[in-house]
> 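Structure incoming, see below.
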Amino acid sequence: MTNNNKTYISELKDYVGKEVTLSGWLYNSRSSGKIQFLIIRDGTGLCQCIVEKGSVSDELFDELRHLGQESSIRVSGTVRADERSVGGYELAVTDAEVIGAATDYPITPKSHGIDFLLKNRHLHLRSRRQWCIGKVRHTVIDAIRRFFNDKGFVLIDTPIFMSMAGEDEQTLFEVDYFGEPLHLTQTGQLHLESAAMSFGKVYCFGPTFRAEKSKTRRHLTEFWMVEPEVAFIDLDGLLELAENFVYFITEQALTNNRSELEYLGADIAALEKMKPPFYRLTYTEAVEILTGEKTQKFLSEQLEQLQRQKQQIESRIGELEKKQAGQRKQWQKDKIAAELIELRAELGETDARIENNPKHAKLAAGFQWGKDLGGSDETIISQMHDKPIFVTHYPKDAKAFYMKTDRGNEKVVLNFDLLAPAGFGEIIGGSVREDDYEKLLKRISGQGLDVENYSWYLDLRKYGSVPHGGFGLGVERTVAWLTSEKHIRQCIAFPRLMDKVYI
RNA sequence: UCCCCGAUAGCUCAAUUGGUAGAGCGAGCGGCUGUUAACCGCUAGGUUGUAGGUUCGAGCCCUACUCGGGGAGCCA
């Protein structure tokens with residue numbers, strides 16, 4: 001089948017007044033006796049197609065009236081601009097051909113639970129929300145490659161089967177490699193360091209696997225991570241690289257996906273403020289903030305606000321319940337019932353936040369210097385800022401063996417996390433790498449790791465060692481942040497969750 | 001692994017103190033020439049997650065289990 005006569009919905013603005021043929025799927029339809037509105041999706045967008053009685057044969061008119069959601073179809077007609085239509089253009093249909101009729105499509109235009117949607121992920125991908133997220137993700141990935149390629153970085157594909165651990169042995173997936181135990185990569189960093197000593201600036205980009213038993217909205221067992229690694233760079237240089245990088249990604253998403261971001265309900269005004277420089281805090285400063293009065297005040301104000309919000313929702317529910325009882329028409333009662341369901345869900349979320357608030361306040365107030373920042377601690381700091389925040393100089397003992405110690409204070413390392421604002425939390429983790437042979441050797445053996453396995457890694461410190469470092473950015477977390485999507489499982493086509501793989 | 005919540009029609013949810021299981025969407029039929037998750041009328045659709053227990057009577061109370069959601073630890 002040739003593709004020559006086909007027009008895509010995204011191109012309709014160039015065909016106003018002209019006759020075109022669209023190929024796609026029936027997204028939704030409404031009929032009004034002698035006029036039908038078919039919403040067609042073709043992968044590039046949505047288009048409302050108008051079928052008037054008399055402009056097509058009676059047989060076709062009747063066939064279209066009974067066509068099921070997601071049937072595949074080819075429609076021909078004249079393009080015209082109309083503000084009432086999705087996307088601003090519509091098609092006055094003169095002819096149509098049903099390619100594959102569909103009946104009883106499971107995902108209806110009403111709301112569904114997450115379990116049902118994940119079980120139907122192969123179909124859920126067709127929904128508008130998932131489509132918008134997929135488009136944003138595509139832009140993010142394109143921006144990642146473009147940013148590094150334009151800056152002279154060389155792409156290095158690091159292995160997925162790994163013989164050594166980058167971080168923690170316990171969080172690895174083990175595989176049987178012809179009888180030998182290997183594990184799936186959790187970072188390409190160690191290999192990347194060796195490549196950086198050849199090419200200077202390198203990056204790797206691919207799937208990463210973590211066997212962490214984490215059941216939260218921020219975790220997947222398989223996720224995509226990009227990791228740049230640069231020779232001759234210090235911590236300040238890394239921070240600058242990271243903020244320019246994140247800025248470029250947000251700017252590309254705003255340029256290419258504004259309508260998708262709007263549909264998804266992303267905070268576009270906030271994203272437009274993401275210009276560097278970002279905030280910079282040391283770990284010690286972050287701890288002072290967490291344990292300080294300002295945080296307790298911030299949290300108690302937040303709690304008050306949540307309680308006010310709760311009261312508002314409750315009084316609204318009370319009003320609606322009264323209103324519902326007074327209604328005689330069943331459909332009016334049902335409309336109110338639908339609103340009540342939404343309000344009750346909102347109330348549940350608010351309740352959970354009210355319940356968590358004092359726990360988080362207690363955790364923050366009792367935070368001891370030396371521990372790693374917990375999820376709630378990151379959330380608090382993130383909520384207190386309107387731009388991304390770098391947190392640097394973590395305690396050495398809480399961090400991986402390869403991080404370079406601060407020569408002015410050996411208790412901390414030259415690392416950083418980048419927290420996305422408004423409560424989204426960590427999207428980047430990175431560090432300057434230990435470049436001193438003796439210090440690295442001591443840290444490897446000090447962590448009980450087999451030095452033999454790391455001899456090649458130590459070689460990099462033997463033959464022309466240089467200051468170097470890099471970081472890793474999680475793609476799904478970044479997409480979730482940009483789109484205001486709550487759970488990162490929606491930010492990858494086929495998510496792998498702890499204990500659960502649907503298709 | 002721990003804590004909290006839930007499971008009722010294909011889907012999303014109601015069901016007052018323990019007293020005859022309902023609605024919307026979706027499906028089918030009909031009506032309507034500008035609809036925006038269209039609207040209006042009619043029809044079909046149920047072993048209330050599983051196994052026990054209390055009771056004259058259990059969707060509702062009790063116990064165990066299964067599955068799911070949210071959160072914690074850990075992390076991108």
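Just so we're on the same page: letters track the sequence lines, and every chain starts at 1.
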> Examine B/C11: is either OP1 or OP2 under 4.0 Å from a nitrogen or oxygen in the side chain of A/Asn120? Give yes or no.
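Answer is no, no contact under 4.0 Å.
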> Given the structure, check if the side chain of A/His112 and the base of B/C11 hold any donor-acceptor pair shorter than 3.5 Å.
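No such pair is found, so the answer is no.
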> Could you check which of B/A27, B/G30, B/U33 has an atom nearest any side-chain atom of A/Asp104?
B/A27
> Please work out if A/Gly68 contacts a base, only the sugar-phosphate, or nothing of the nucleic acid, heavy-atom cut-off 4.0 Å.
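If one applies the 4.0 Å heavy-atom cut-off, A/Gly68 turns out to touch nothing in the nucleic acid.
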> With a 4.0 Å cut-off on heavy atoms, is A/Glu378 in touch with a base, just the backbone sugar-phosphate, or nothing at all?
base
> Would one find more than 12 heavy atoms of other residues, nucleotides or ligands at under 6.0 Å from atom CZ of A/Arg280?
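It does: A/Arg280 CZ has more than 12 such atoms within range.
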> Mark yes or no for a side-chain to base donor-acceptor pair under 3.5 Å between A/Ser31 and B/C32, with no hydrogen or angle criteria applied.
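In this structure, the two groups form a donor-acceptor pair.
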> From the set B/G31, B/U35, B/C25, return the single nucleotide nearest to any side-chain atom of A/Arg65.
B/G31
> Given the ring of A/Tyr263, does A/Arg128 sit roughly above its face, with NZ or CZ under 6.0 Å from the centre of the six-membered ring and within 45° of the axis?
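Yes - A/Arg128 lies over the ring of A/Tyr263, closer than 6.0 Å to its centre and within 45° of its axis.
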> Tell me whether the rings of A/Phe245 and A/Phe148 are parallel (<30°), tilted (30 to 60°) or perpendicular (>60°).
tilted
> So does A/Glu52 reach the base of B/G34 with its side chain, donor to acceptor, closer than 3.5 Å?
no
> Ignoring hydrogens and geometry beyond distance, is the side chain of A/Gln48 in donor-acceptor contact with the base of B/U35 at under 3.5 Å?
yes
> Return the nearest nucleotide to the side chain of A/His487; candidates are B/G70, B/G34, B/A72.
B/G70
> Could you check whether the rings of A/Trp224 and A/Phe205 sit parallel, tilted or perpendicular, using 30° and 60° as the cut-offs?
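It falls in the perpendicular class, over 60°.
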> Please work out if A/Arg218 contacts a base, only the sugar-phosphate, or nothing of the nucleic acid, heavy-atom cut-off 4.0 Å.
base
